[in-house]
Enquirer: 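Would you mind keeping the following structure in view while I ask a few things?
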Amino acid sequence: MLKNIHFLVFLLVGFVTTPALSHAQGHNVTAKFSTDSLDIEIGESVNVTLSLSDKLNGSAVLNFTYDDKQEGSTEYIEPLEGIVVSGEHIKWTVVIKGKQAGHTILGVNSSSPEIRDIEKTFIRIDIVHNSVLVIVNAVIGWIYFVAWSVSFYPQVYINWKRKSVVGLNFDFLCYNITGFLAYGFFNVGMYWVDEVQNQYFKEHPRGINPVQLNDVIFTLHAVFVTILTIIQCIVYEKGGQKVSKICIALVTGAWLFALASLVVTLTHTITWLTYLYYFSYIKLGVTLIKYIPQAYMNFRRKSTDGWSIGNVLLDFTGGSLSLLQMFLLSYNSDDWGSIFGDPTKFGLGLFSILFDILFMVQHYCLYKGRGTYELLGETIDTPAPYTSYDSTRRGQRNVNLENDQQSQYIY
């Protein structure tokens with residue numbers, strides 16, 4: 001009888017205490033800042049809120065970290081004192097004051113087992129010399145985004161107006177579509193594929209996705225307009241132009257490399273993130289060589305007819321503003337390593353601008369006002385776009401090329 005009473009008491013105590021123990025064990029609290037990024041000037045103070053999702057069963061201390069370091073101080077913002085958590089209070093105001101231009105990540109650390117995923121609680125802080133420059137840089141970014149987006153259309157328009165693509169190098173188009181497709185795969189994968197994003201943030205827990213929505217939109221738009229230009233090359237007068245064997249070999253090699261890498265990825269030898277980075281390398285390689293065929297073609301023809309200078313001017317505008325933004329960002333944050341520490345990005349931007357300058361020199365100085373016509377594979381330079389040599393009359397006459405369907409010359 002006594003044993004039965006003990007057993008009943010044991011069941012009763014267990015029934016009462018088990019929910020409480022389960023609640024304590026499952027009591028998961030998270031901490032969160034009111035913002036995940038902040039721009040402040042040197043000497044400026046900004047209030048942010050740090051809050052817990054629920055009160056703790058016990059007391060705890062929240063200590064602040066800087067760039068994942070535990071020293072309790074940083075050269076960029078004034079150090080913050082730890083917060084003692086007790087009672088019903090679950091929300092605090094944190095005063096962040098800029099001390100020196102630069103970047104830092106303000107995080108939180110706690111020994112309390114009740115607070116989960118504490119490593120996800122952080123703010124990216126940019127301390128700048130002048131907050132006005134932050135707005136200026138944002139405006140510059142939108143201007144060069146528009147300039148680069150519009151830069152495709154002058155070539156489309158001039159092709160339509162002339163009903164001819166003579167003068168537009170087909171190698172340049174082939175490299176362009178290859179580069180933009182590769183860049184598109186990279187951007188779409190980084191921005192929309194969850195598995196790729198998870199792999200990226202696993203390698204960079206407190207990083208920012210390097211691909212934003214405007215990058216995706218720009219790339220998809222570039223692919224569309226480049227395909228439209230290729231269709232024009234099929235429909236309009238080509239003048240015997242074709243893609244060179246060198247270009248075919250290089251582009252084929254690039255896509256075979258992408259295909260082989262896909263097989264390696266499917267066998268789980270490399271991650272999808274690494275595979276997408278391979279596409280970004282293809283884009284970098286294409287950017288290095290894509291302008292060379294067009295520049296050489298202009299030199300050989302001694303003319304820029306058929307190659308839109310509007311495209312060049314807009315590309316030069318976008319590239320120049322992009323480099324200007326890089327310098328302003330570096331100055332404002334005292335972060336010159338973002339330029340000179342990444343010579344590839346800076347070098348590619350400068351490389352494109354130098355080619356734009358070359359095209360402008362060809363158009364406005366070297367071959368200004370010179371049209372080119374081809375007869376039996378030979379090139380004849382003429383002083384005006386609509387002047388051709390009529391061999392049957394052994395003289396020169398002005399010809400409207402759009403109406404002169406009987407001419408033996410190919411524009």
Side-chain angles (χ1 to χ4, degrees), residues 140-188 191 211-239 241 243 247 251 254 279-280 282-298 304-323 325 348-360 362-364:
I140 290 176
W142 280 108
I143 292 176
Y144 73 67
F145 172 78
V146 172
W148 273 337
S149 299
V150 176
S151 67
F152 298 96
Y153 289 98
Q155 186 66 58
V156 174
Y157 174 75
I158 196 174
N159 294 342
W160 170 80
K161 183 178 180 181
R162 297 168 64 239
K163 299 299 186 290
S164 170
V165 292
V166 175
L168 172 61
N169 190 272
F170 285 9
D171 286 9
F172 170 77
L173 277 180
C174 191
Y175 289 136
N176 237 11
I177 191 63
T178 298
F180 285 130
L181 282 174
Y183 196 43
F185 289 142
F186 174 78
N187 285 340
V188 170
Y191 189 78
V211 176
Q212 302 300 312
L213 181 60
N214 61 329
D215 298 315
V216 178
I217 294 174
F218 171 80
T219 310
L220 296 178
H221 171 260
V223 170
F224 167 76
V225 182
T226 305
I227 292 175
L228 177 61
T229 309
I230 292 174
I231 294 174
Q232 288 183 318
C233 292
I234 298 174
V235 174
Y236 295 148
E237 174 60 48
K238 295 182 283 291
Q241 295 181 124
V243 180
C247 177
V251 170
F279 278 108
S280 71
I282 293 175
K283 167 61 176 174
L284 293 178
V286 165
T287 303
L288 285 173
I289 64 176
K290 72 176 186 177
Y291 294 107
I292 297 176
Q294 185 67 57
Y296 177 72
M297 182 178 182
N298 294 344
T304 58
D305 271 356
W307 172 243
S308 173
I309 193 62
N311 169 32
V312 173
L313 295 175
L314 287 168
D315 186 69
F316 177 79
T317 300
S320 300
L321 289 177
S322 175
L323 289 185
Q325 185 191 58
L348 285 174
L350 183 62
F351 188 78
S352 298
I353 289 176
L354 292 177
F355 263 103
D356 289 331
I357 294 174
L358 172 61
F359 289 132
M360 286 187 281
Q362 287 181 326
H363 184 82
Y364 291 113

Enquirer: Would you call the rings of Phe180 and Phe152 parallel, tilted or perpendicular, taking 30° and 60° as the class edges?
Expert: perpendicular
Enquirer: Determine the minimum heavy-atom distance between Leu358 and Ala295, stating which atoms define it.
Expert: CD2-CB, 3.9 Å
Enquirer: Side chains of residues 285-294: which donor-acceptor pairs under 3.5 Å do they make with residues two or more places apart or in other chains?
Expert:
from   : atom 1 : to     : atom 2 : distance (Å)
Thr287 : OG1    : Lys283 : O      : 2.9
Lys290 : NZ     : Asn176 : OD1    : 2.9
Gln294 : OE1    : Asn169 : N      : 2.8
Gln294 : NE2    : Gly167 : O      : 3.0
Gln294 : NE2    : Asn298 : OD1    : 3.1

Enquirer: Name the atoms and distances for all side-chain donor-acceptor pairs under 3.5 Å in residues 223-233, with sequence neighbours left out.
Expert:
from   : atom 1 : to     : atom 2 : distance (Å)
Thr226 : OG1    : Ala222 : O      : 2.7
Thr229 : OG1    : Val225 : O      : 2.9
Gln232 : OE1    : Asn159 : ND2    : 3.0
Gln232 : NE2    : Val156 : O      : 3.1

Enquirer: Please report the interatomic distance OG(Ser322) to CD1(Ile353), rounded to the nearest 0.5 Å.
Expert: 7.5 Å
Enquirer: Between atom NE2 of His363 and atom CD1 of Ile309, what is the distance when rounded to the nearest 0.5 Å?
Expert: 5.0 Å
Enquirer: Shortest non-hydrogen contact from Asn311 to Ser151?
Expert: OD1-O, 3.2 Å
Enquirer: Evaluate the side-chain proximity of Lys238 to Phe170: yes if any heavy-atom separation is below 4.5 Å, no if none is.
Expert: yes
Enquirer: Enter the distance from Trp142:CH2 to Asn214:CG here, rounded to the nearest 0.5 Å.
Expert: 5.5 Å
Enquirer: Parallel, tilted or perpendicular, judged at 30° and 60°: which one describes the rings of Phe359 and Phe355?
Expert: tilted
Enquirer: Can you give me the closest heavy-atom contact between Ser308 and Ile158, atom names plus distance?
Expert: CB-CG2, 4.2 Å
Enquirer: Kindly give the heavy-atom pair with the smallest separation between Leu314 and Ala147, and that separation in Å.
Expert: CB-O, 3.7 Å
Enquirer: Look up atom CG in Asp356 and atom CZ in Phe316, then write down how far apart they are to the nearest 0.5 Å.
Expert: 7.0 Å
Enquirer: Take Tyr175 and Val251 through the side chain to side chain contact (heavy atoms under 4.5 Å, CB included) test and state the conclusion after the steps.
Expert: CA-CA 7 Å; Tyr175 289 136; Val251 170; 4.0 Å; yes
Enquirer: Could you tell me which residues satisfy side chain to side chain donor-acceptor pair (under 3.5 Å) with Tyr191, sequence neighbours excluded, listed by chain and number?
Expert: none
Enquirer: Evaluate Asp315 against Trp148 for side chain to side chain contact (heavy atoms under 4.5 Å, CB included), listing each step before the verdict.
Expert: CA-CA 6 Å; Asp315 186 69; Trp148 273 337; 3.5 Å; yes
Enquirer: For Tyr157, what residues pass the side chain to side chain donor-acceptor pair (under 3.5 Å) criterion, not counting sequence neighbours?
Expert: none
Enquirer: Please test Leu168 against Gln155 for side chain to side chain contact (heavy atoms under 4.5 Å, CB included), starting from the C-alpha separation and ending with a verdict.
Expert: CA-CA 9 Å; Leu168 172 61; Gln155 186 66 58; 4.0 Å; yes
Enquirer: Check whether Glu237 reaches the backbone of Arg162 with its side chain - one donor and one acceptor, N or O, closer than 3.5 Å.
Expert: no
Enquirer: With Tyr183, which residues qualify under ring pair (Phe, Tyr, Trp, His ring centres under 6.0 Å), at least two apart?
Expert: none
Enquirer: Would you give the length of the straight line joining atom OG of Ser352 to atom CD1 of Ile357, rounded to the nearest 0.5 angstrom?
Expert: 11.0 Å
Enquirer: Please list, chain by chain and in numerical order, all residues satisfying side chain to side chain donor-acceptor pair (under 3.5 Å) with Asn187, sequence neighbours excluded.
Expert: Thr219
Enquirer: Write down the atom of Ile282, the atom of Ala254, and the distance for their closest heavy-atom approach.
Expert: CD1-O, 3.8 Å
Enquirer: If you look at every heavy atom in Tyr144 and Gly318, which pair is closest and at what distance?
Expert: CB-O, 3.4 Å
